[in-house]
Amino acid sequence: MYSEKVMDHFNNPRNVGEIEDPSGVGTVGNAKCGDIMRMYLDIDDNGVIQDAKFKTFGCGAAVATSSMATELVKGKTVEEALKVTNKAVMEALDGLPPVKVHCSLLAEEAIHSALWDYAEKHNITIEGLEKPVNDIGEKEEAVEEEY
Ligand code: FES
């Protein structure tokens with residue numbers, strides 16, 4: 001049911017933890033399943049993500065997608081990190097079962113939420129970044145219709 005990559009990132013999640021004094025931190029949840037994800041980013045003066053860590057209170061797929069999301073954004077600029085969508089995370093994990101697609105949305109939104117916090121703290125606008133939601137329940141319905 002799950003790809004080897006999903007199982008690997010679930011069993012050995014990368015970048016679990018917190019960043020002290022992060023450049024940006026964001027928390028998102030899904031009221032329906034009760035899962036919560038917090039993403040920390042360390043961003044240097046050139047806008048490059050030097051480090052990313054996460055804490056996820058959620059299902060196995062949520063752990064695997066947050067692990068993969070942190071791996072994908074590391075070394076990227078904030079603009080490039082915006083392209084790490086839930087689809088990109090799923091592809092990197094060799095897919096997710098349809099009922100678990102929404103878990104990857106948490107990862108995307110957690111990145112956006114941390115980037116939003118970074119932008120607010122630095123008084124900058126990140127082109128293409130929309131204000132993140134705290135509860136991805138609404139977005140989830142739109143995405144589930146797509147699959
Ligand atoms: Fe809710 Fe996976 S079941 S994030």
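Positions are given from 1, in the same order as the sequence printed here. Just so you know, these numbers use all the heavy atoms, side chains as well, and skip hydrogens, waters and symmetry mates. Whatever order the structure lists them in is the order used to number ligands and atoms, beginning at 1.
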Trainee: Under 3.5 Å, is there a donor on one side chain and an acceptor on the other for Asn15 and Thr70?
Mentor: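 Distance-only check passes for Asn15 and Thr70.
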Trainee: Just do the side-chain contact (heavy atoms from CB on, under 4.5 Å) check on His122 and Ile43 with the steps written out, would you?
Mentor: CA-CA 11 Å; His122 292 78; Ile43 301 170; over 6 Å; no
Trainee: If we only count heavy atoms from C-beta on, is the Val101 to Asn86 side-chain gap below 4.5 Å?
Mentor: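 In short, these two side chains touch, coming nearer than 4.5 Å.
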Trainee: Looking at atom 2 (Fe) of ligand 1, is one of the N, O or S atoms of Cys59 less than 2.8 Å from it?
Mentor: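 So Cys59 does bind atom 2 (Fe) of ligand 1 by this criterion.
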Trainee: Which is it for Cys103 and ligand 1 at heavy atoms under 4.0 Å: side chain, backbone, both or neither?
Mentor: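 The answer is both.
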Trainee: Looking at Asn134, I want to see if its CG is surrounded by more than 12 non-hydrogen atoms of other residues, nucleotides or ligands under 6.0 Å.
Mentor: no
Trainee: Using a 4.0 Å heavy-atom threshold (strictly under), name the region of Lys100 that reaches ligand 1: side chain, backbone, both or neither.
Mentor: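 Answer for Lys100: side chain.
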Trainee: Taking only heavy atoms of Leu106, which atoms of ligand 1 are found under 4.0 Å from at least one of them?
Mentor: 4 (S)
Trainee: At atom 1 (Fe) of ligand 1, what is the angle formed between atom SG of Cys33 and atom OD2 of Asp35, rounded to the nearest 10°?
Mentor: 100°
Trainee: Where on Asn30 is there a heavy atom closer than 4.0 Å to ligand 1, on the side chain, on the backbone, on both, or on neither?
Mentor: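 It is neither; nothing of Asn30 touches ligand 1.
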Trainee: Does the shortest distance from atom 2 (Fe) of ligand 1 to an N/O/S atom of His102 fall below 2.8 Å?
Mentor: no
Trainee: Considering residues, nucleotides and ligands other than Phe10, do more than 12 of their heavy atoms fall under 6.0 Å from its CZ?
Mentor: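 It does not: Phe10 CZ has 12 such atoms or fewer within range.
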Trainee: Same cluster or not: Ile124 versus Val25, using hydrophobic residues (I, L, V, M, F, W, Y) connected whenever any side-chain heavy atoms lie under 4.5 Å apart?
Mentor: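 Different clusters.
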